[in-house]
Amino acid sequence: MAGRPDRGAAWVRAGGTASVGKSVQLKLRERTAAGAQVADVGSPTLALTTTWQSLSVSRTTTTAGGNLGLRVSHAAANTGPVLEADAFT
């Protein structure tokens, strides 16, 4: 429904010592019913630590009948255990 405020949230932490200090964001992408991207908004960036941290992002939808996708974006990811994410809402 257009004009509806939506919020996404998740908890993240570094999956290994090589990921400590790397940047992550929670991103919310809105698409039309036909699949065209309308918007891709991100939470404030935070630096990964070994402690669980909360990320959240909000958006007011602009299209009717579309969908929203939620994902974690990790800058400069390494190979191996990069990050852990849990409790997506």
Side-chain angles (χ1 to χ4, degrees):
M1 176 165 77
R4 184 183 74 199
D6 283 288
R7 180 180 181 273
W11 288 83
V12 296
R13 70 178 177 184
T17 56
S19 291
V20 171
K22 302 286 177 145
S23 298
V24 293
Q25 271 188 306
L26 189 64
K27 296 221 172 172
L28 186 62
R29 180 177 290 158
E30 181 180 357
R31 292 188 181 272
T32 65
Q37 182 175 315
V38 175
D40 193 23
V41 295
S43 69
T45 301
L46 65 82
L48 285 173
T49 67
T50 56
T51 303
W52 287 104
Q53 300 175 83
S54 176
L55 288 169
S56 65
V57 61
S58 299
R59 169 153 178 83
T60 299
T61 58
T62 59
T63 59
N67 63 66
L68 296 172
L70 188 63
R71 72 188 189 286
V72 174
S73 178
H74 185 339
N78 297 314
T79 57
V82 177
L83 68 87
E84 296 177 346
D86 198 9
F88 282 83
T89 58

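Numbers here simply count residues along the sequence, with the first being 1.
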Could you state whether Val38 and Leu70 fall into the same hydrophobic cluster, counting links through intermediate Ile, Leu, Val, Met, Phe, Trp or Tyr residues with side-chain heavy atoms under 4.5 angstrom apart?
-> no

Start with the C-alpha distance between Arg29 and Asp40, add both sets of side-chain angles, then the distance that settles salt bridge (charged side-chain N to carboxylate O under 4.0 Å, His left out), and finish with yes or no.
-> CA-CA 4 Å; Arg29 180 177 290 158; Asp40 193 23; 3.5 Å; yes

Quick one: are Thr50 and Arg13 in side-chain contact, heavy atoms under 4.5 Å?
-> no

Looking at Thr63, Thr61, Thr60, which one forms a side chain to side chain donor-acceptor pair (under 3.5 Å) with Glu30?
-> Thr63

For the atom pair CG (Leu26) and CZ (Arg7), what is the distance rounded to the nearest 0.5 Å?
-> 9.0 Å

In the single-linkage hydrophobic clustering (I, L, V, M, F, W, Y; side-chain heavy atoms under 4.5 Å), do Leu48 and Val57 co-cluster?
-> yes

Verify same cluster id: Phe88, Val24 (apolar side-chain graph, 4.5 Å) = yes

For Ser19 and His74, which heavy atoms make the closest approach, and how far apart are they?
-> OG-NE2, 4.0 Å

Less than 4.5 Å apart, any side-chain heavy atom of Asp6 and any of Arg4?
-> yes

Hydrophobic cluster identity match, Val20 and Val12, side-chain contacts under 4.5 Å = no

Is any side-chain heavy atom of Ser23 closer than 4.5 Å to a side-chain heavy atom of Thr45?
-> yes

Is it true that a side-chain atom of Gln25 and a backbone atom of Ser43 form a donor plus acceptor pair closer than 3.5 Å?
-> yes

Interatomic distance, CG@Leu68 vs CZ@Arg59, rounded to 0.5 Å, equals 8.0 Å

